[in-house]
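First the structure, in the form of C-alpha cells, and then the observations on it.
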Amino acid sequence: MFDQESLKKFIPPNVRARVVAPLMRRIGAALIDSGAYLMGEKDDSIPPTRLHFVGHGSFTAIGYEFLRYFTEFAGLKPNEDVLDVGCGIGRMAIPLANFLRQGQYRGIDIVPAGIEWCQQNITPKHPNFRFELSDIKNTAYNPDGRYKASEYRFPFDDQSFDFVFLTSVFTHLVPEDAENYLSEISRVLRPGGRLLGTWFLLNSESRQLVAAGRGSRPIVYEFKGKEVMVENPAVPEAAIAFDEELIRGIHAKYQLRLQDDIRFGKWCGREDFVSYQDIIVAHKAP
C-alpha cells in the first residue's frame, strides 16, 4: 500500500497538483459533509464542504474577517457598488449580503460549481447580488478555460464600481494576467474608487524568511526571473509571489495609488502580521 511519500515518487508533480490533490480534498470534504448530515449539523446558509475550493481556514470566520478589512481599511459603505473578482463560492458574498443593503454586488469566478451555488442560494435571497462565470484558463483551477486571463475584459462598463476586491486571486495569476486584471480594475472603478487585493509579496524580509524555511508555502522557484517566484513550476498558478516594487509600479501605471502602507501577512513566517496574505489598498486617481 502506497503512503504519501511513495506517491510523490511515482506520480509527477503536475499530476499530483491537478488530479491527486484535488481528488483527496474532495474525498475528505465528502466525509465531512456526510458526518455533518448524520449528526444533524448541516447548515444550508453556507456551501457544503465538498464544494469549497477557496483555501484553508474557517469559511465563515475568514469571510467576516475580510468584511472588517473592507470597512476599516477601504471605507466600504452599505450603499456602494462592489465587484468581487474571484468570488469563489460566496465566502465574501455571504457576510456582505447583510451589510450591502443599498448597493449592488457583482461576483465573477472561473469555477462553475461556485457560481452555480451562489446563483441558486444567494441571489434568490438578495437580488442585488449577482454572479457570473468567467471561463478563463488557469492551470490550477480551470485548465480547459476558453479565455486567456491576460486578454480578458471584465464584463462591465467603465466606471461601474466604487469598490473592487480580490482575495487570494493575485496569488494564482502569472505576471501578464495580474497586470491585465489591474488594468481592468482601473477601467471599471469610478474616480476615487478603491481596490483591496491580497498578494504574496517578495521583499528583503519575506525572501529571507522563505529561504530559511519559515514560510507556510515553499515559494522558492524562479518564474521568468527573480521578480516572480512560484511553489510548483509545473503548475505556476498554484501559488505565486511577486516582487513588492514590481507590484507597486504596476499599480502606479494604472493610476491606482496605494492608500496606506502595505499590511503584510504571515504567509512567509512573519511574527508581526495582519492577515495570512499581504493586503494592498489603493485608490483610483480622480
Side-chain angles (χ1 to χ4, degrees), residues 22 25-26 28-30 32-33 36 41-74 76 78 80 82-101 103-126 128-134 136 138 140-142 161 163-173 181 185 194-200 216-217 237-239 263 265-267 274-281:
R25 286 196 295 268
R26 286 196 293 270
I32 292 172
D33 289 338
E41 297 174 353
K42 184 172 180 290
D43 184 355
D44 291 329
S45 67
I46 62 174
T49 306
R50 67 181 180 276
L51 295 181
H52 292 193
F53 57 88
V54 291
H56 304 292
S58 167
F59 183 91
T60 301
I62 292 173
Y64 281 96
E65 172 191 349
F66 272 87
L67 176 58
R68 179 166 58 84
Y69 298 157
F70 299 156
T71 56
E72 293 184 9
F73 299 165
L76 178 64
E80 293 190 301
V82 173
L83 172 60
D84 181 353
V85 179
C87 61
I89 200 154
R91 182 166 63 173
M92 304 300 157
I94 291 171
L96 274 169
N98 291 321
F99 175 84
L100 206 65
R101 297 285 187 176
Q104 299 294 314
Y105 167 103
R106 298 294 179 266
I108 57 175
D109 201 273
I110 67 175
V111 180
I115 293 295
E116 290 168 6
W117 190 91
C118 291
Q119 289 173 336
Q120 295 168 8
N121 293 275
I122 298 178
T123 301
K125 299 174 186 176
H126 306 278
N128 59 328
F129 276 60
R130 290 193 283 178
F131 303 85
E132 183 172 335
L133 179 68
S134 297
I136 297 171
N138 183 287
Y141 289 93
N142 191 27
F161 298 98
F163 179 52
V164 177
F165 68 89
L166 305 86
T167 57
S168 196
V169 173
F170 288 120
T171 51
H172 303 291
L173 295 177
Y181 273 38
I185 289 163
R194 290 91 66 214
L195 159 67
L196 184 149
T198 69
W199 302 78
F200 294 140
S216 60
R217 307 193 70 151
E237 288 101 330
R263 295 170 172 91
K266 69 176 181 179
W267 67 275
V274 172
S275 187
Y276 177 67
Q277 296 181 7
D278 305 317
I279 298 173
I280 291 179
V281 177

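- Remark: N98 CG to K125 NZ distance equals 10.0 Å, nearest 0.5 Å.
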Would you sort out whether Y276 and I62 count as a side chain to side chain contact (heavy atoms under 4.5 Å, CB included), showing the intermediate values? CA-CA 10 Å; Y276 177 67; I62 292 173; over 6 Å; no

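- Here the shortest heavy-atom pairing between P124 and Q119 reads CD-O, 3.2 Å.
- The distance from atom OG of S58 to atom CZ of R91, rounded to the nearest 0.5 Å, is 9.0 Å.
- For the atom pair CD1 of I136 and CG of D109, the computed distance is 9.0 Å after rounding to the nearest 0.5 Å.
- S275 places a side-chain heavy atom less than 4.5 Å from the side chain of F66.
- Interatomic distance, CZ of F163 versus CG of L195, reported as 7.5 Å (0.5 Å rounding).
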Could you go step by step and tell me if V274 and Y69 meet the side chain to side chain contact (heavy atoms under 4.5 Å, CB included) rule? CA-CA 10 Å; V274 172; Y69 298 157; 3.9 Å; yes

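- Among all heavy-atom pairs drawn from R194 and E80, the shortest one is NH2-OE1, 2.6 Å.
- Cation-pi check for R263 over F73 is met; the charged atom lies under 6.0 angstrom from the ring centroid and within 45 degrees of its normal.
- For the pair F59 and I89, the minimum side-chain heavy-atom distance is below 4.5 Å.
- Without hydrogens or angle criteria, Q277 side chain to W267 main chain gives no donor-acceptor distance under 3.5 Å.
- For the pairing with V82, the side chain to side chain contact (heavy atoms under 4.5 Å, CB included) check across Y105, F70, F99 returns one residue only, Y105.
- Residues L196 and V281 approach most closely at CD1-CG2, 3.9 Å, considering heavy atoms.
- What you find for C118 and G88 is that their closest heavy atoms are SG-O, 4.1 Å.
- With rounding to the nearest 0.5 Å, the separation of CG in L96 from SG in C87 is 11.5 Å.
- Taking both residues in full, the closest heavy atoms of M92 and T167 are given as CE-OG1, 3.7 Å, listed atom of the first, atom of the second, then distance.
- Judged as a side chain to side chain donor-acceptor pair (under 3.5 Å), and not counting sequence neighbours, the contacts of N142 are D135.
- Listed by first then second residue, pairs satisfying salt bridge (charged side-chain N to carboxylate O under 4.0 Å, His left out) with a partner in residues 59-70 read R68-E72, not counting sequence neighbours.
- Using a distance-only test at 3.5 Å, with no hydrogens or angles considered, a donor-acceptor pair links the side chain of R106 to the main chain of N128.
- For the atom pair CZ of F200 and OG1 of T171, the computed distance is 5.0 Å after rounding to the nearest 0.5 Å.
- T123 approaches F129 most closely through the heavy-atom pair OG1-O, 2.7 Å.
- Looking at T198, its side chain never comes within 3.5 Å of a backbone N or O of D278 through a donor-acceptor pair.
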